[in-house]
Amino acid sequence: AQKITQTQPGMFVQEKEAVTLDCTYDTSDPSYGLFWYKQPSSGEMIFLIYQGSYDQQNATEGRYSLNFQKARKSANLVISASQLGDSAMYFCAMRESGGGADGLTFGKGTHLIIQP
Amino acid sequence: NAGVMQNPRHLVRRRGQEARLRCSPMKGHSHVYWYRQLPEEGLKFMVYLQKENIIDESGMPKERFSAEFPKEGPSILRIQQVVRGDSAAYFCASSPSGTMFTDTQYFGPGTRLTVL
């Protein structure tokens with residue numbers, strides 16, 4: 001079973017609109033962290049935002065916020081007021097505290113295209 | 001403040017040759033992770049190292065692949081006798097500590113390996 005599921009392979013959004021990128025995860029570990037990364041066409045991986053399993057409030061970083069619904073095991077990324085430069089691949093990732101590999105587990109990504 | 005550095009950025013090898021990929025973590029980070037990204041895929045964890053120690057190599061192929069992080073110098077991912085299926089982007093990430101699921105991993109720009 002996939003640990004991280006991103007159900008939107010591609011999305012087209014008009015500039016200045018808000019965008020929600022979906023991410024659901026699967027773990028039985030009570031302690032875990034959820035991360036979002038952006039990968040523009042140039043290829044580098046850019047860290048955007050983090051949410052811990054014990055965090056009471058949704059994480060926010062500038063135009064990025066994370067809609068964390070623990071009972072539903074979802075951690076959707078919200079980008080407000082989208083810009084052309086937001087066009088990129090977006091990856092959701094998880095790290096569990098124990099029992100599994102020490103690395104991040106990534107979803108397959110969502111290709112976001114912002115249209116003028 | 002220099003980020004994670006990887007070199008070379010692009011590497012071309014013929015089948016049967018060796019590939020050596022280097023990674024210098026961010027200043028103050030002593031934990032290094034290697035990931036592989038196949039075309040149109042998310043990143044897959046390979047190995048996690050601290051200085052002079054391999055902590056978790058559960059994602060490493062059993063043959064031809066090895067990694068080290070010596071006391072001095074960069075971390076090295078070594079692929080012996082490369083095959084076409086090894087063509088991928090290889091990313092290195094670093095974090096300040098390795099044991100907390102809260103630790104953010106910061107990625108380097110990646111090395112694009114092409115095997116002819």
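Here is the naming used below: chain letters follow the sequence lines, and residue numbers restart at 1 for every chain. All values below come from the heavy atoms of this structure, side chains included, with hydrogens, waters and symmetry mates left out.
In this structure, the side chain of A:Lys70 engages the main chain of A:Ser53 through a donor-acceptor pair within 3.5 Å.
Considering only heavy-atom pairs separated by less than 4.5 Å from chain B, the leading option among A:Tyr54, A:Tyr50, A:Phe91 is A:Tyr50. Highest contact tally toward chain B, considering only A:Glu44, A:Met45, A:Met89, is held by A:Met45 [criterion: heavy-atom pairs under 4.5 Å]. Taking chain B as the reference chain and counting heavy-atom pairs below 4.5 Å, the highest number among A:Ser31, A:Gly109, A:Ala93 is found for A:Ser31. Ranked by non-hydrogen atom pairs under 4.5 Å with chain A, the options B:Met46, B:Lys44, B:Gln6, B:Glu41 are led by B:Glu41.
A side chain to side chain donor-acceptor pair (under 3.5 Å) with B:Asp86 is found for exactly one of B:Gln81, B:Arg64, B:Arg13, B:Arg15, namely B:Arg64.
The side chain to side chain donor-acceptor pair (under 3.5 Å) search around B:Glu18 returns B:Arg20, B:Arg78, not counting sequence neighbours.
Summarising the geometry of B:Trp34 relative to B:Cys23, their closest heavy-atom pair is CZ2-CB, 3.4 Å, with the distance given to 0.1 Å. The shortest non-hydrogen separation linking A:Tyr64 to A:Ile49 is O-CD1, 3.7 Å.
In this structure, the portion of A:Ser42 lying under 4.5 Å from any heavy atom of chain B is its backbone and not its side chain. Only the side chain of A:Gln39 comes within contact range of chain B, with at least one heavy atom under 4.5 Å from a heavy atom of that chain. Residue B:Glu57 does not touch chain A at all, counting heavy-atom pairs closer than 4.5 Å.
Residues A:Leu104 and B:Tyr35 meet the side-chain proximity criterion, which asks for heavy atoms closer than 4.5 Å.
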